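The shown structure was predicted, so the numbers you read here are calculated from the model rather than taken from an experiment. First listed ligand is number 1; within each ligand, the first listed atom is number 1. Index from 1, following the sequence.
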Amino acid sequence: MVDRNRRRWALVHELAITESIVAAVAEKLPGTPVRRVRVEVGRLSGVVPDALLFCFELATAGTSLAGAQLDIISSPGRGSCRSCGAEFDTDDLLTLCPCGSADVAVLGGRELRIREVELV
Ligand SMILES: [Zn+2]
């Protein structure tokens, strides 16, 4: 029960994000048919790429983006340790530096942006 509610909440979250991506493109290119939208999603952004793909068709129905394809570029998370200065890739917000410190600054991986729109 808890699991099912969590999954539904996750989809509501991704549907809202997908709708704002679609709205941003439709606003910039009113009435222009779109073939493909490429979006960069950081692995620390909390956005589930599969859920975005799942929601895209629904969110584009009846808009100038109907039938367009969604490409997702997944960008890695990157952390920097404030204790030892090391930089490393991470896919987890609660990450530890290899030195054992939890005092880690996130340098990248929170991105969520439209990189490219390909027109028909
Ligand atoms: Zn460290």
Side-chain angles (χ1 to χ4, degrees):
M1 197 60 181
V2 169
D3 255 353
R4 195 189 304 156
N5 282 339
R6 191 178 299 153
R7 195 169 310 140
R8 187 177 305 152
W9 168 244
L11 277 179
V12 168
H13 176 226
E14 266 79 9
L15 181 59
I17 291 166
T18 312
E19 281 173 340
S20 51
I21 292 170
V22 170
V25 174
E27 202 172 287
K28 282 258 159 60
L29 304 160
T32 312
V34 172
R35 189 195 306 272
R36 187 191 309 270
V37 179
R38 187 162 289 149
V39 173
E40 180 180 1
V41 178
R43 294 204 192 112
L44 302 181
S45 65
V47 176
V48 182
D50 280 351
L52 278 192
L53 289 169
F54 179 82
C55 294
F56 191 71
E57 196 179 331
L58 186 66
T60 55
T63 74
S64 54
L65 282 79
Q69 192 186 320
L70 179 66
D71 279 359
I72 294 178
I73 304 165
S74 179
S75 52
R78 189 91 186 139
S80 163
C81 178
R82 291 191 187 97
S83 296
C84 74
E87 285 192 16
F88 51 92
D89 287 337
T90 175
D91 286 346
D92 192 342
L93 277 173
L94 294 170
T95 193
L96 289 180
C97 175
C99 80
S101 169
D103 192 7
V104 173
V106 174
L107 302 179
R110 286 183 166 147
E111 305 80 4
L112 177 64
R113 58 179 164 234
I114 301 168
R115 289 272 297 262
E116 208 179 311
V117 178
E118 195 182 312
L119 303 180
V120 174

Side chain to side chain contact (heavy atoms under 4.5 Å, CB included), that's the test. Do Val39 and Arg115 meet it? Break it down for me.
CA-CA 5 Å; Val39 173; Arg115 289 272 297 262; over 6 Å; no
Criterion side chain to side chain donor-acceptor pair (under 3.5 Å) on Ser80 and Glu87, from CA distance to verdict
CA-CA 4 Å; Ser80 163; Glu87 285 192 16; 4.8 Å; no
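Protein atoms that are N, O or S and lie under 2.8 Å from the Zn ion (ligand 1) are these: Cys81 SG, Cys84 SG, Cys97 SG, Cys99 SG.
For the pair Leu15 and Ala59, the tightest heavy-atom approach, listed with the atom from each and the gap, is CD1-CB, 4.4 Å.
Around the CZ atom of Phe54, the shell of radius 6.0 Å holds no more than 12 heavy atoms that belong to other residues, nucleotides or ligands.
Leu53 meets the side-chain contact (heavy atoms from CB on, under 4.5 Å) test with Asp50, Leu70, Ile72; sequence neighbours excluded.
The backbone N or O of Glu14 sits less than 3.5 Å from a side-chain atom of Thr18, completing a donor-acceptor pair.
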